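Have a look at the structure below, then the notes.
A quick note: this is a predicted structure, and the numbers were derived from the prediction, not measured.
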Amino acid sequence: KTCSSVEMETIQNLKEQNLKLKEAMRKIIQTAEVNESTWLSQKADLEKHIASLTVNLKNTEYQNARNMLDIAEEAKSLLVESTRQKATIAALKRQFGNPGLYKKQL
């Protein structure tokens, strides 16, 4: 059986549309591959950034804990010094009298 010219034209149009669809699919696949590659790269960069931030956070937490220990040690030292000074003042008052009493008497 032979095809009419209309059928031949329809077949040709379908072949052209099929080629265009194949080309469009190829472009879609290429775009998807590029997008996937870009996404994977961005994901890797993000994971590196998160790892870096995690390390920085741990270092900051360690430094904060270290600073708190230093501050506690300094506060303890100041408390000991203050206690010493109070004891010295009390000893001086016992030895030389309380200057505040003289002011109250005047």
Of all residues at least two apart in sequence or in a different chain, which pass the side chain to side chain contact (heavy atoms under 4.5 Å, CB included) check with L14? T10, Q17
Separation between CG of L40 and CG of N35, rounded to the nearest 0.5 Å: 11.0 Å
Could you state the interatomic distance from CG (L79) to CD (E74), rounded to the nearest 0.5 Å? 11.5 Å
Does the pair R84/E81 count as a salt bridge with the N-to-O cut at 4.0 Å? yes
Mark yes or no for whether S82, through its side chain, and L78, through its backbone, hold a donor-acceptor pair below 3.5 Å. no
As an exercise, state the distance from NZ of K15 to CG of N13, rounded to the nearest 0.5 Å. 11.5 Å
From OG1 (T60) to CG (N67), nearest 0.5 Å: 10.0 Å
Between the main-chain N or O of S37 and the side-chain N or O of S41, is there a donor-acceptor pair closer than 3.5 Å? no
Rounded to the nearest 0.5 Å, what separates atom CD in Q12 from atom CD in E9? 9.0 Å
Between E23 and K20, does at least one N-O distance fall below 4.0 Å, as a salt bridge requires? no
Going through the distances and angles, do E73 and L69 end up as a side chain to side chain contact (heavy atoms under 4.5 Å, CB included)? CA-CA 6 Å; E73 197 59 39; L69 286 174; over 6 Å; no
With sequence neighbours excluded, tell me which residues meet side chain to side chain contact (heavy atoms under 4.5 Å, CB included) with N56. S52
If I take atom CD1 from residue I89 and atom NZ from residue K86, how far apart are they, to the nearest 0.5 angstrom? 9.0 Å
